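The structure presented is a predicted model; accordingly, all values stated were derived computationally and were not measured. In what follows, chains are A, B, ... by sequence order, proteins preceding strands, each numbered from 1.
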Amino acid sequence: MIGAGRSSRPGGPAADEATLVAGLRAGDEAAFAALIDAHHSALVRMAMVYVPSRAVAEDVVQETWLAVLEGIDRFEGRSSLKTWIFRILMNRAMTRGKRERRSVPFSSLVDPAREPSEPAVDRARFQGPGEANPGHWSDPPRSLEGVPEERLLSGELLGEVSRAIEALPPAQREVITLRDVAGWGSAEVCNALGITETNQRVLLHRARSKVRRTLERYLDEPA
Amino acid sequence: MSLRDRLRRRRLSDRPACVDVVEIVTDYLEGALSPADRARFDTHLDGCQGCRAYLEQMRRTIDISGRLSEEEIPDEIRESLLVAFRSRRASG
């Protein structure tokens, strides 16, 4: 939940960002508070892609904020402030993660075209070649109409979705965390991760398809 | 777009089956389909309740993921960061 006055999202138009950066440099505490409120939890989720525990992730994010304070006078605005902060986070988290466990294939190292294809939906849910409508649903997903809104907004479902994202391969997890959790646009994500639009879309598709299965399973359980 | 990207692009047949439609949902939501493919996708949706439900579930999934970033910073962490900010201002 977001408390009163803590929900503003800085960023967006360049003029707003220039004001924000000037505020940070001038020691405007409200500007810094708005910045951490807007990005802290997404930064923690992003750090968790690279490090083995939430505690380490929290630690890396705190270090990142201190690095942002140290470096804000040198920020040149070549990327957005947000991208700059996430890059600092990713560099630190990757360094930390490498120290603590084996290396993992990040999106910048993955070519989805060379990976085995993963169907978005189990083929068994479509009609086979001998049936009336090959390739059409035999076991279609259910409409969300009639599902009570409180079930869709429940903390339990939120927890299931969170765990489903955490179980994804790192490359897919990087992309879905920035796109869907942090709400970035595709160009920003490609820029921050150094991947092409096509690869980004393939990784996002695989990630979302798996997380959707979690939603469907949850809805199929008795309430 | 490179040749490889173009080869990798998925294309829909004139009358796509559901098994193809679910693979192109992200391209649809991203606005990455050609106008012709988008029209085929829309035509399919008009006649297919299963794929409409699938798309609805996908949109809902994206929504729920977005709610994960609404968690608040623990108060003690927020306070310690603000203290760090104040001390930087005092020393700067």
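Between atom CG of residue B:Leu68 and atom CD1 of residue A:Ile165 there is a gap of 5.0 Å, rounded to the nearest 0.5 Å. The distance from atom OG of B:Ser65 to atom CZ of A:Arg179, rounded to the nearest 0.5 Å, is 11.5 Å. B:Arg67 contributes atom CZ, which lies 5.0 Å from atom CG of A:Leu158 (distance to the nearest 0.5 angstrom).
Residue A:Glu197: no heavy atom, backbone or side chain, is found under 4.5 Å from chain B. Interface residue A:Ser186: only side-chain heavy atoms are found under 4.5 Å from chain B. Only the side chain of B:Cys48 comes within less than 4.5 Å of a heavy atom in chain A; its backbone stays farther off. Only the side chain of B:Glu30 comes within less than 4.5 Å of a heavy atom in chain A; its backbone stays farther off. Residue A:Ser154 touches chain B through its backbone alone, counting heavy-atom pairs closer than 4.5 Å.
With hydrogens and angles disregarded, a donor-acceptor distance shorter than 3.5 Å links the side chain of B:Glu56 to the backbone of A:Leu144.
Between chain B and the residues A:Gly135, A:Pro119, A:Pro140, the largest count of heavy-atom pairs under 4.5 Å involves A:Gly135. For the set A:Val211, A:Asp180, A:Thr177, the count of heavy-atom pairs under 4.5 angstrom toward chain B peaks at A:Asp180.
There is a side-chain donor-acceptor pair under 3.5 Å between B:Glu23 and A:His205.
One finds no salt bridge joining B:Arg88 and A:Glu29 here, because no Lys/Arg side-chain nitrogen approaches an Asp/Glu carboxylate oxygen to under 4.0 Å.
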